Amino acid sequence: MTLAELLIALDSNGKHAYIVNNPEETMGLAHAGTHPDTLIGEMIRAIAEKCGCVNADCTLRREQIVSALGPIRLRFMADDAPVVGFRLVEGSIVAIDKAYNDEALRMKAAAK
């Protein structure tokens, strides 16, 4: 799955706006720290950096994404952290798992 495909899957989840206009522009905003949702921008930036993405067409592995989001997730697990941030990070991780599961099922069906 590419970063662009992941962003589209997350955005289509409907709970939060991950994409601004298109995946490339979204990635640029995240890197510049100007994404309209600062936490989503931080998550996108962390994923891109951990996975070595220079554009939205880079291929991501599920474990890289989980590793990239780990420090952010831990920050929001603190007792004094805002619950809204925790819910956003956790919801994003659930949506990422769903996107990868859906992709695996599509590939399995296509192989038959």
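Note that the coordinates shown come from a computational prediction; the quantities given were computed from them, not determined experimentally.
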Would you name the heavy atoms of [X] and [Y] that are closest together and state the gap between them?
{"X": "E25", "Y": "N22", "result": "N-OD1, 2.7 Å"}
{"X": "L10", "Y": "S92", "result": "CD2-O, 3.8 Å"}
{"X": "G33", "Y": "R45", "result": "CA-NH1, 3.9 Å"}
{"X": "G41", "Y": "A30", "result": "O-CB, 3.5 Å"}
{"X": "H31", "Y": "A48", "result": "NE2-CB, 3.7 Å"}
{"X": "L39", "Y": "F76", "result": "CD1-CE1, 3.6 Å"}

Does [Y] offer a backbone N or O that forms a donor-acceptor pair with the side chain of [X] under 3.5 Å?
{"X": "D11", "Y": "I19", "value": "yes"}
{"X": "E5", "Y": "T2", "value": "yes"}
{"X": "E24", "Y": "N55", "value": "no"}

Original post:
Less than 4.5 Å apart, any side-chain heavy atom of M43 and any of L88?
Top reply: yes
Original post:
Are side-chain heavy atoms of M1 and L60 found at a separation under 4.5 Å?
Top reply: no
So how far is it from [X] [atom1] to [Y] [atom2], rounded to the nearest 0.5 Å?
{"X": "I44", "Y": "L7", "atom1": "CD1", "atom2": "CG", "value": "5.0 Å"}
{"X": "E49", "Y": "Q64", "atom1": "CD", "atom2": "CD", "value": "13.0 Å"}
{"X": "E103", "Y": "K98", "atom1": "CD", "atom2": "NZ", "value": "12.5 Å"}

Original post:
Do F86 and I72 share a hydrophobic cluster, counting only Ile, Leu, Val, Met, Phe, Trp and Tyr and linking them when any side-chain heavy atoms are less than 4.5 Å apart?
Top reply: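 Hydrophobic grouping puts F86 with I72.
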Original post:
Any chain of hydrophobic side-chain contacts (each under 4.5 Å) joining V94 to L74?
Top reply: no
Original post:
E42 and R75: salt bridge (Lys or Arg N to Asp or Glu O under 4.0 Å), yes or no, with the steps?
Top reply: CA-CA 12 Å; E42 180 183 358; R75 188 174 82 225; 2.7 Å; yes
Original post:
Out of T26, I8, L6, I40, which one pairs with Y18 under the side chain to side chain contact (heavy atoms under 4.5 Å, CB included) rule?
Top reply: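 Only one option passes, and that is I40.
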**OP:** Only counting residues at least two apart or in another chain, list the ones meeting side-chain contact (heavy atoms from CB on, under 4.5 Å) with A110.
**Re:**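 If we apply the side-chain contact (heavy atoms from CB on, under 4.5 Å) test to A110, skipping adjacent residues, there are no hits.
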**OP:** Apply side-chain contact (heavy atoms from CB on, under 4.5 Å) to A9 and list each qualifying residue two or more places apart in sequence or on a separate chain.
**Re:**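 Partners of A9 under the side-chain contact (heavy atoms from CB on, under 4.5 Å) test: A99.
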**OP:** Using disulfide (SG to SG under 2.5 Å) as the criterion, list what pairs up with C53, not counting sequence neighbours.
**Re:**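 With neighbours one apart ignored, the set is C58.
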Original post:
Any Lys/Arg nitrogen of R106 or D102 sitting under 4.0 Å from an Asp/Glu carboxylate oxygen of the other?
Top reply: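 No, no charged N to carboxylate O under 4.0 Å.
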**OP:** Under the side chain to side chain donor-acceptor pair (under 3.5 Å) rule, collect the residues that match up with D97, sequence neighbours excluded.
**Re:**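 Result, side chain to side chain donor-acceptor pair (under 3.5 Å) vs D97: R62.
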Subject >> side chain to side chain contact (heavy atoms under 4.5 Å, CB included) evaluation trace for L69 with I96 >> reply: CA-CA 11 Å; L69 296 179; I96 290 165; 3.7 Å; yes
Subject >> Side-chain cluster (under 4.5 Å, hydrophobic types only) that V20 belongs to, other residues >> reply: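 Its cluster mates, by chain and number, are L29.
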Subject >> Residue pairs, two or more places apart or on separate chains, that pass disulfide bond (SG atoms under 2.5 Å apart) and touch residues 62-112 >> reply: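 Output for this query is empty, none listed.
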